[in-house]
Protein chains: 2
Amino acid sequence: MTEPSGRRERKKAATRRKIADTALRLFLERGYDEVGIRDIAAEADVAVTTVFSHFASKEALVFEQDSNFEENLRGAVEGREPAEPLIPALRGEIQALVRHCTADSVAPVWRMIDGSPALREYEESMRLRHAESLAAAMAADPGLGRTPTACRAIARFVVDAYSVAREAADPEAAVDEVFRMIEAAWAAASPAVSR
Amino acid sequence: MTEPSGRRERKKAATRRKIADTALRLFLERGYDEVGIRDIAAEADVAVTTVFSHFASKEALVFEQDSNFEENLRGAVEGREPAEPLIPALRGEIQALVRHCTADSVAPVWRMIDGSPALREYEESMRLRHAESLAAAMAADPGLGRTPTACRAIARFVVDAYSVAREAADPEAAVDEVFRMIEAAWAAASPAVSR
DNA sequence: CGATTAAAAGCTAACTGTTAGCTTTTGGTA
DNA sequence: TACCAAAAGCTAACAGTTAGCTTTTAATCG
């Protein structure tokens with residue numbers, strides 16, 4: 001009931017990392033579709049059920065290392081200076097996330113994701129959950145003065161910016177371009193503008 | 001090699017409809033997750049492989065009757081009067097689609113969809129394909145004068161409007177609200193505004 | 001220390017959507 | 001009539017995922 005001294009948690013984390021690392025290595029070596037869960041379990045020397053006790057699905061293994069999108073976006077809303085405007089804060093965060101996922105060091109992973117319909121679909125569905133979480137954070141800030149519907153819309157637009165930018169020739173320029181549009185949409189959602 | 005007299009096509013269509021009808025009935029009776037493909041095949045008196053030769057997946061059985069979202073949106077872009085502005089045309093189309101799916105006659109189906117994570121995920125992923133198709137139609141219209149990135153962003157925003165409206169208390173009002181934002185975003189994407 | 005507890009990992013066996021490979025039926029055509 | 005190709009069927013399997021139960025092991029307590 002008291003504080004665990006940590007060995008258990010360390011071992012658990014080690015198992016988790018071993019599984020994720022093994023999976024990613026195999027995926028990159030042979031291709032996502034060519035590697036089965038049973039292959040991963042065997043190579044990581046764990047049982048299949050252990051894989052699923054750490055990861056909810058095969059796809060989740062790939063996005064394990066994904067810097068946490070959701071928390072960063074929430075943080076950009078909740079942790080900003082009193083007078084700091086919302087949209088530029090979100091733009092900065094999306095810009096950082098786009099830069100992070102276009103870095104050379106993770107390029108092979110993203111090439112793999114782009115090459116697999118299952119992974120693309122999983123990612124979009126994940127981003128949608130992130131958008132809902134972002135919308136909730138925005139709706140919880142009374143200083144913004146927008147309707148819940150407007151918050152949900154803008155939250156989706158922000159996630160769209162990420163997706164559109166990722167497949168654009170110049171991702172960072174695309175983020176700026178889409179955010180000029182989002183800025184205008186946000187202004188139009190102001191109560192003062194609605195009549 | 002010449003014109004088939006039609007019996008074959010009629011029989012094929014009949015099989016398809018029988019499968020879709022049986023599936024929908026079972027889903028509504030017992031719940032989506034409680035009905036397996038093997039159940040549907042048995043009840044429709046066809047082989048499992050026949051089900052999959054007509055429908056790509058279990059989820060696709062549910063969206064069979066969905067009025068074709070994709071074509072309607074493309075049509076709103078391609079088939080409008082020379083001087084008719086784009087965004088209001090799209091708003092009208094989305095308005096019609098939202099009205100259609102909130103009608104009482106299809107309410108149980110949408111309640112089922114909303115109750116199943118698998119179906120919600122499938123729908124969003126389907127809408128995303130629709131958005132890509134819409135973006136292509138927009139990008140193909142030289143009169144619009146917007147970048148491909150802006151077209152992709154607006155296409156996603158339009159599909160977002162549909163999704164946000166569907167879960168709003170007053171769906172039709174939500175469509176109008178989100179489209180005021182989209183109108184502003186579209187204006188901000190005009191080359192004249194970019195500097 | 002030794003006994004105990006609960007988390008973590010393991011094993012087996014299944015279930016479910018989906019597909020491959022091959023055979024049979026059947027509508028349309030020469 | 002004979003033939004072709006589309007449609008449907010059958011069997012068996014594969015892959016992701018889960019349920020149920022047992023074994024191991026880190027942490028706690030008498």
Side-chain angles (χ1 to χ4, degrees), chain A residues 1-24 26-27 30-64 116-122 125-126, chain B residues 1-20 22-24 26-27 30-64 116-123 125-126:
Chain A
M1 211 68 79
T2 36
E3 291 292 278
S5 72
R7 172 150 45 204
R8 186 166 250 170
E9 290 184 4
R10 261 183 294 117
K11 285 210 171 187
K12 183 175 182 179
T15 302
R16 181 188 176 88
R17 208 168 318 128
K18 188 177 182 185
I19 294 170
D21 291 351
T22 304
L24 196 59
L26 292 183
F27 288 155
R30 307 184 202 163
Y32 180 75
D33 291 324
E34 264 51 59
V35 180
I37 293 286
R38 290 162 179 87
D39 299 329
I40 297 166
E43 185 87 6
D45 199 31
V46 297
V48 169
T49 46
T50 302
V51 174
F52 283 107
S53 76
H54 284 277
F55 300 92
S57 68
K58 185 184 176 187
E59 293 90 41
L61 284 162
V62 172
F63 292 95
E64 165 64 356
S116 158
L119 288 175
R120 289 187 66 87
E121 199 166 311
Y122 181 86
S125 157
M126 197 177 75
Chain B
M1 207 66 80
T2 35
E3 291 291 276
S5 71
R7 174 153 40 206
R8 187 168 248 167
E9 291 184 2
R10 262 184 292 117
K11 286 211 171 186
K12 183 174 182 180
T15 302
R16 182 190 176 87
R17 209 168 318 127
K18 188 177 182 185
I19 294 169
T22 304
L24 196 58
L26 292 182
F27 288 157
R30 307 184 203 162
Y32 181 76
D33 291 324
E34 262 52 58
V35 180
I37 292 286
R38 290 160 180 89
D39 299 329
I40 297 167
E43 185 88 3
D45 198 31
V46 297
V48 169
T49 46
T50 301
V51 174
F52 283 106
S53 77
H54 284 277
F55 300 93
S57 68
K58 183 184 178 187
E59 293 91 37
L61 283 162
V62 172
F63 292 94
E64 165 64 357
S116 158
L119 287 175
R120 289 187 65 88
E121 199 166 312
Y122 180 86
E123 189 195 355
S125 156
M126 197 176 73

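To find a chain, count down the sequence lines: A is the first, B the second, and so on, and within it residues start at 1.
Closest to the side chain of B/R7, out of C/dG27, C/dT18, D/dA26, is C/dG27. Comparing C/dG17, C/dG21, C/dA9 by their closest approach to the side chain of B/I37 singles out C/dG17. Closest to the side chain of A/T50, from the set C/dT19, C/dA9, D/dG20, is C/dA9. Checked against D/dT17, C/dT18, C/dC11, the side chain of B/K58 finds its nearest nucleotide in C/dT18.
Contact annotation: the side chain of B/E59 never approaches that of B/M126 to less than 4.5 Å [non-hydrogen atoms, C-beta and beyond]. When side chains are defined from C-beta on, A/S57 counts as touching A/Y122, because their heavy atoms get closer than 4.5 Å.
No contact: B/V51 has no heavy atom under 4.0 Å from any strand. Counting any heavy atom pair closer than 4.0 Å across all strands shown, B/D45 reaches sugar-phosphate atoms only and no base atom. Using a 4.0 Å heavy-atom criterion, one finds that A/V48 contacts the bases of the nucleic acid, with or without backbone contacts as well.
Remark: P of D/dA7 and CZ of B/R16 are 12 Å apart, rounded to the nearest angstrom. The separation between A/F55 atom CZ and D/dT18 atom P is 15 Å, rounded to whole Å. Separating the CZ atom of A/R10 from the C1' atom of D/dT25 is a distance of 14 Å, rounded to the nearest angstrom. With rounding to whole Å, A/D33 atom CG is found 17 Å from D/dC14 atom P. Protein atom NZ of A/K12 is 10 Å distant from nucleotide atom P of C/dA7, rounded to whole Å. In this structure, B/E34 atom CD and C/dC15 atom P are separated by 15 Å, rounded to whole Å. Whole-Å rounding puts the B/R30 CZ to C/dT16 P distance at 12 Å. Here C/dT16 presents its P atom at 15 Å from CD of B/E59, a figure rounded to the nearest Å.
Taking the centre and axis of the six-membered ring of A/Y32, the NZ or CZ atom of A/K58 falls inside the cone set by 45° and 6.0 Å.
Under 4.0 angstrom from either OP1 or OP2 of D/dA7 there lies no side-chain N or O belonging to B/R8. Between C/dA9 and A/T15, a contact under 4.0 Å exists linking OP1 or OP2 to a side-chain N or O. For the pair B/K11 and C/dG27, the criterion of a side-chain N or O lying under 4.0 Å from OP1 or OP2 is met. Side-chain N/O atoms of A/S53 include none lying less than 4.0 angstrom from OP1 or OP2 on C/dA8. Phosphate contact (OP1/OP2 of D/dA8, side-chain N/O of B/H54, threshold under 4.0 Å): present.
At distances below 3.5 Å, not a single donor-acceptor pair connects side-chain atoms of B/S125 with backbone N or O atoms of B/E121.
DNA chain D is contacted by both B/A13 and A/V35; B/A13 maps to the nucleotide lying nearer its 5′ end (nearest heavy atom per residue).
Between A/E64 and A/R17, no side-chain nitrogen of the basic residue sits less than 4.0 Å from a carboxylate oxygen of the acidic one, so the salt-bridge criterion is not met.
For a distance-only test at 3.5 Å, the side chain of B/R38 qualifies as a donor-acceptor partner of the base of C/dT18.
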Any chance you could lay out the side chain to side chain contact (heavy atoms under 4.5 Å, CB included) test for A/R30 and A/D39, step after step, and finish with the verdict? CA-CA 11 Å; A/R30 307 184 202 163; A/D39 299 329; 4.1 Å; yes

